[in-house]
*Asks:* 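Take a look at this one; I'll ask things after.
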2 protein chains.
Amino acid sequence: MTRAAKKKASETPEKTTRIQEINRRLILDAALDVFSNYGFRGTTIDQIAEKAGMSKPNLLYYFPRKQNIYVTLLEETLAEWLAPLAEIDADGDPIEQLRNYITLKINMSESHPEASRLFANEVLHGAPAISDFLTKHLKPLVDEKAAVIRRWVGEGKLAPVDPYHLIFMIWATTQHYADFDVQVRAIMGSQVGRPGFREQTAQAVLSIILNGIRPRPVS
Amino acid sequence: MTRAAKKKASETPEKTTRIQEINRRLILDAALDVFSNYGFRGTTIDQIAEKAGMSKPNLLYYFPRKQNIYVTLLEETLAEWLAPLAEIDADGDPIEQLRNYITLKINMSESHPEASRLFANEVLHGAPAISDFLTKHLKPLVDEKAAVIRRWVGEGKLAPVDPYHLIFMIWATTQHYADFDVQVRAIMGSQVGRPGFREQTAQAVLSIILNGIRPRPVS
DNA sequence: CTGCATTTTGACCAAGTAGTCAAGTTTTTG
DNA sequence: CAAAAACTTGACTACTTGGTCAAAATGCAG
């Protein structure tokens, strides 16, 4: 009975104390940093503990297994990461909706690159921890939005385009700037850090994709 | 003096025997499989040795360090992976050249997904082993092709588009199908394995990007 | 302020893993 | 067909790392 917040099996609500809240946050923040840089296997509990400013046994008091930290982190991140997709409004203007979606994704890629990398690494290695999430939550959401895009195409508001591949292209392109940051920097050099870079990126990506799917007269 | 292919310090040509050639190949093939799935830290020498069908000390006879296998593999892969970019012909028809480039990349993504993942994983984690390659070989090549694209834009043969972001978009989109394969499968299900899938993907990607950069009359 | 619950940690353990070594086996070569 | 060179491996070492544990320190309710 040494587990945190556990007095009797009956007390299901699992009351969390002030200290628990603080320390779990500290751990998860540190873990995001480390996991996103080194991957699951490449990360040691000691690294996370040091970054979180506590001893390893203390960290393990809050998350008894390394896996627990990782999974909690992924769950926490995924919802937030997918949110913009859910916001696509079937009744809005197609180009406007997609422009907004792409812009949001590019902004997230810049503001939370670690989240993007954490996710990319997980999927790259076969998504062992989140394959359930992919089929149970992601797929239905994508199916729904794909149907919306397909309707837009049917109504002639977009050029004929496969909605799934369009969504993949948006994901790939926007997340590329977080996931392949080192490569982007190696090629574009000092431009990357500069103030207007995000806007320049957004402009370029939007220009190609939106013009690529804008309805065309003949064919 | 237990290193392979090393008799005297003077014999620089490093003659390789028949057995060396066979076994190095065996090791590198096995290593590509394992490294691309589990990453550098996630891979054990024993795993590679078993897959290559030899004992661990024997493997270490050919590659004294784990790092050596990894770096050799990356170097071998990178040249091949970048080749299509070099083939873009400044004197060809822009749309044709880019169509060909994108098609080649999509085909490679399907035929050598492990190579794509190996590379993606390396870059995702900061490219510690290949940052030199990125700046010394990749950047100059990209700069050269970007200049070509910029010229095409200047001649009105392409819509105004930032050449670097266009190249990134092509990379991101095509490699997405290898790197995020699990996610693509989770969403598109059985379609992915089916015969025409690569063609369908190519068609969708080409349609969006090429229409996105085709010269437009007004603005 | 006291006694119980929660939190913290030093010391430790067991498993896993990169790399070594010396002794054997096979291949090549003169 | 020796003898040398190249190749192969079982047994081992040193080290890292996930996780345990018991005891100490701290927080907190009455």
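Each chain gets a letter, A, B and so on, in the order its sequence line appears, and its residues count up from 1.
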*Asks:* Is there a side-chain contact between A:Asn23 and the phosphate of C:dT8, meaning an N or O under 4.0 Å from OP1 or OP2?
*Replies:*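 For C:dT8, OP1/OP2 do have a side-chain N/O of A:Asn23 under 4.0 Å.
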
*Asks:* Mapping B:Lys56 and B:Ile19 onto DNA chain C by nearest heavy atom, which one lands closer to the 5' end?
*Replies:*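 Final value for this comparison: B:Lys56.
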
*Asks:* Would you kindly say whether A:Tyr164 and A:Asp143 are connected by a side-chain donor-acceptor distance under 3.5 Å?
*Replies:*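 Their side chains do contain a donor-acceptor pair, which is all the 3.5 Å distance test asks for.
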
*Asks:* A:Thr17 has a side chain; which of C:dT6, D:dG18, D:dA6 sits nearest to it?
*Replies:*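 Of the candidates, C:dT6 comes closest.
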
*Asks:* Separation of B:Gln67 atom CD from C:dG19 atom P, in whole Å?
*Replies:*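 In whole Å, C:dG19 P lies 9 Å from B:Gln67 CD.
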
*Asks:* Check every atom of C:dT17, D:dA6, D:dA11 against the side chain of B:Pro57 and return the nucleotide holding the closest atom.
*Replies:*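 Closest of the options to the side chain of B:Pro57: D:dA11.
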
*Asks:* Return no unless some side-chain N or O of B:Arg65 is found under 4.0 Å from OP1 or OP2 of C:dA18.
*Replies:*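 Answer is no, no contact under 4.0 Å.
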
*Asks:* For a quick check, tell me whether the side chain of A:Lys66 and the base of D:dG19 share a donor-acceptor pair closer than 3.5 Å.
*Replies:*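 For A:Lys66, whose side chain was compared with the base of D:dG19, there is no donor-acceptor pair (under 3.5 Å).
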
*Asks:* What is the ring orientation for B:Phe35 with B:Phe40, classed by angle as parallel under 30°, tilted 30 to 60°, or perpendicular over 60°?
*Replies:*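 Rings of B:Phe35 and B:Phe40: parallel, under 30°.
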
*Asks:* Can you tell me the distance, in whole Å, between the CG atom of A:Asn58 and the C1' atom of D:dG27?
*Replies:*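 Result: 14 Å.
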
*Asks:* So A:Leu60, base contact, sugar-phosphate only, or nothing? Heavy-atom distance under 4.0 Å.
*Replies:*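 Base, at least one base heavy atom under 4.0 Å.
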
*Asks:* B:Ile22 has an atom CD1; how far is it from atom P of D:dA6, in whole Å?
*Replies:*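 Going from B:Ile22 (CD1) to D:dA6 (P), I get 17 Å.
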
*Asks:* What is the distance, to the nearest angstrom, from the OH atom on B:Tyr61 to the P atom on C:dA22?
*Replies:*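 Taking OH of B:Tyr61 and P of C:dA22, I get 16 Å after rounding.
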
*Asks:* Nearest-nucleotide wise, let me know which of A:Ser55 and B:Phe40 is further upstream toward the 5' end of DNA chain C.
*Replies:*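 Closest to the 5' end, via its nearest nucleotide, is A:Ser55.
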
*Asks:* Within the pair B:Arg41 and C:dA18, is there a side-chain N or O less than 4.0 Å away from OP1 or OP2?
*Replies:*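 No, B:Arg41 has no side-chain N/O under 4.0 Å of OP1/OP2 on C:dA18.
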
*Asks:* Are side-chain N/O atoms of B:His176 and B:Asp181 paired as donor and acceptor at under 3.5 Å?
*Replies:*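 There is no such pair (donor and acceptor under 3.5 Å, judged by atom type) between the side chains of B:His176 and B:Asp181.
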
*Asks:* Whole angstrom is fine here: how far is it from CD1 in A:Ile48 over to P in D:dG19?
*Replies:*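 After rounding, the gap between these two atoms is 11 Å.
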
*Asks:* Taking atom C1' of C:dT17 as reference, at what distance in whole Å does atom CD1 of B:Ile69 sit?
*Replies:*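 Atom CD1 in B:Ile69 sits about 13 Å away from atom C1' in C:dT17.
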
*Asks:* Take the protein atom CE of A:Met54 and the nucleotide atom P of D:dA25, then report the distance between them rounded to whole Å.
*Replies:*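 Value for this atom pair: 20 Å.
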
*Asks:* Specify the separation, in whole Å, of atom CD of B:Gln20 and atom C1' of D:dT8.
*Replies:*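 Distance, rounded to whole Å: 14 Å.
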
*Asks:* So, A:Asp132 and A:His137: side-chain donor and acceptor under 3.5 Å apart, yes or no?
*Replies:*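 There is no such pair (donor and acceptor under 3.5 Å, judged by atom type) between the side chains of A:Asp132 and A:His137.
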
*Asks:* From C:dT17, C:dT8, D:dG18, pick the nucleotide closest to the side chain of B:Thr44?
*Replies:*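 Nearest listed nucleotide: C:dT17.
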
*Asks:* Checking A:Gln47 against A:Tyr38: is there a side-chain donor and acceptor pair closer than 3.5 Å?
*Replies:*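 No, A:Gln47 and A:Tyr38 have no side-chain donor paired with an acceptor closer than 3.5 Å.
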
